[in-house]
Every structure is written in C-alpha cells, then in structure tokens.
Amino acid sequence: MFPEKYNVKITVLKRLFHKDLVDKYTDNPSIWGPCQKFKEGQSWLVSKSTPWECPPGFCGWAWADMQKMVWGMARGGPVRMVTCCTDGFRPVIFLLERVEDT
C-alpha cells in the first residue's frame with residue numbers, strides 16, 4: 001500500500017546577504033547583493049501527483065537543495081520544515097508546509 005499523498009507549499013521567509021563574506025572571499029564584491037530570484041512572501045504549491053518536479057519559476061539550484069524534503073513531505077513526512085538554499089553568500093530561507101486536503 002502506498003502512503004497518503006499531500007501537496008506541499010513552499011514560501012520564501014527571508015533573503016540573507018553576508019556582505020562580510022562577500023568582501024573577504026570574492027574577487028569583485030561590488031557585483032554581489034541579496035538573491036534576486038526570490039522575494040519574501042512568494043509561494044509555490046508543489047502537486048502531490050508530481051512532487052519531484054520543480055515548480056515553474058522556481059530556482060533550479062534551490063530546488064536541488066530541497067527536492068528530497070518536498071518529496072518526503074508529499075509522501076507523509078513532517079508537516080512543517082524550514083530549510084535554505086546552499087548559497088553561502090546570499091542564502092534564501094524557505095518554509096515548507098504539507099497541505100492537508102479539505
């Protein structure tokens with residue numbers, strides 16, 4: 001028997017920028033800033049029928065960092081998680097929420 005399936009909502013909580021690290025460890029710090037792909041409050045719904053597919057308009061790098069968590073939640077894992085992309089200079093913090101059908 002297969003586990004129950006759930007949609008998963010991804011919401012951008014914060015965009016961080018570590019200027020001190022950029023200044024110290026990059027060749028051209030003036031070109032760096034917070035991630036421009038996302039804005040706080042943006043959200044996407046990942047379908048329970050295709051939890052392995054990157055949502056349209058979502059960053060492929062960030063998706064690669066969280067896709068296993070999304071898939072696990074879609075198959076009955078945790079109800080809520082906070083995660084981030086692995087960009088050490090300008091990480092983005094995401095809330096993942098399992099969506100119960102009503």
Side-chain angles (χ1 to χ4, degrees):
M1 181 174 203
F2 292 102
E4 193 166 352
K5 298 178 181 179
Y6 301 92
N7 295 322
V8 177
K9 182 179 179 183
I10 302 171
T11 304
V12 177
L13 294 178
K14 284 187 182 182
R15 296 179 311 141
L16 304 174
F17 178 59
H18 299 292
K19 185 173 179 353
D20 58 329
L21 298 177
V22 168
D23 288 344
K24 187 172 182 177
Y25 297 109
T26 63
D27 294 331
N28 190 357
S30 65
I31 66 169
W32 289 81
C35 176
Q36 295 301 303
K37 183 71 177 176
F38 296 112
K39 300 293 180 220
E40 285 87 355
Q42 272 183 295
S43 64
W44 292 262
L45 190 64
V46 178
S47 171
K48 62 186 172 187
S49 61
T50 56
W52 54 85
E53 289 185 11
C54 181
F58 202 82
C59 173
W61 290 102
W63 178 249
D65 292 333
M66 72 174 68
Q67 64 183 0
K68 289 179 184 177
M69 287 176 266
V70 171
W71 190 91
M73 292 174 78
R75 294 302 178 256
V79 173
R80 186 176 298 119
M81 295 180 73
V82 173
T83 189
C84 67
C85 69
T86 55
D87 185 332
F89 294 130
R90 52 190 185 168
V92 177
I93 312 297
F94 300 94
L95 173 64
L96 308 179
E97 299 174 285
R98 194 172 77 191
V99 178
E100 305 287 335
D101 287 335
T102 55

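Along the sequence shown, the residues carry numbers beginning at 1. All values reported here derive from a predicted model rather than from experimental measurement.
- By the criterion of side-chain heavy atoms lying less than 4.5 angstrom apart, applied directly or through intervening Ile, Leu, Val, Met, Phe, Trp or Tyr residues, Trp32 is grouped together with Leu21 in one hydrophobic cluster.
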Side-chain donor-acceptor pairs under 3.5 Å in residues 68-80, sequence neighbours left out?
from	atom 1	to	atom 2	distance (Å)
Arg75	NH1	Lys48	O	3.0
Arg75	NH2	Lys48	O	3.3

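- Here ring-ring contact (aromatic ring centres under 6.0 Å, His included) pairs that include residues 40-63, with residues two or more places apart or in two chains, are Phe38-Trp44, Phe38-Phe58, Trp44-Phe58, Phe58-Phe94.
- Rounding to the nearest 0.5 angstrom, the gap separating the NZ atom in Lys14 from the CG atom in Leu95 is 13.0 Å.
- Taking every heavy atom of both residues into account, Cys59 and Cys54 meet most closely at O-SG, 4.4 Å.
- When side chains are defined from C-beta on, Thr83 does not count as touching Asp65, because their heavy atoms never get closer than 4.5 Å.
- For the pair Pro29/Lys19, no side-chain contact is recorded, criterion being any heavy-atom separation below 4.5 Å from C-beta on.
- Leu16 and Leu13 fall within the same hydrophobic cluster, defined by Ile, Leu, Val, Met, Phe, Trp and Tyr side-chain heavy atoms under 4.5 Å apart, directly or through other members.
- Looking at every heavy atom in both residues, Pro91 comes nearest to Gly88 through CD-O, 3.9 Å.
- Both Met81 and Val46 belong to a common hydrophobic cluster when Ile, Leu, Val, Met, Phe, Trp and Tyr are linked at side-chain heavy-atom distances under 4.5 angstrom.
- In this structure, the side chains of Met66 and Ile10 come closer than 4.5 Å at one or more pairs of heavy atoms.
- Pairing each heavy atom of Arg98 with each of Glu100, the nearest pair is NH2-OE2, 3.1 Å.
- When side chains are defined from C-beta on, Arg15 does not count as touching Arg90, because their heavy atoms never get closer than 4.5 Å.
- Atom OG1 in Thr50 sits 9.0 Å away from atom CG in Asn7 (nearest 0.5 Å).
- For the pair Val92 and Asp87, the minimum side-chain heavy-atom distance is 4.5 Å or more.
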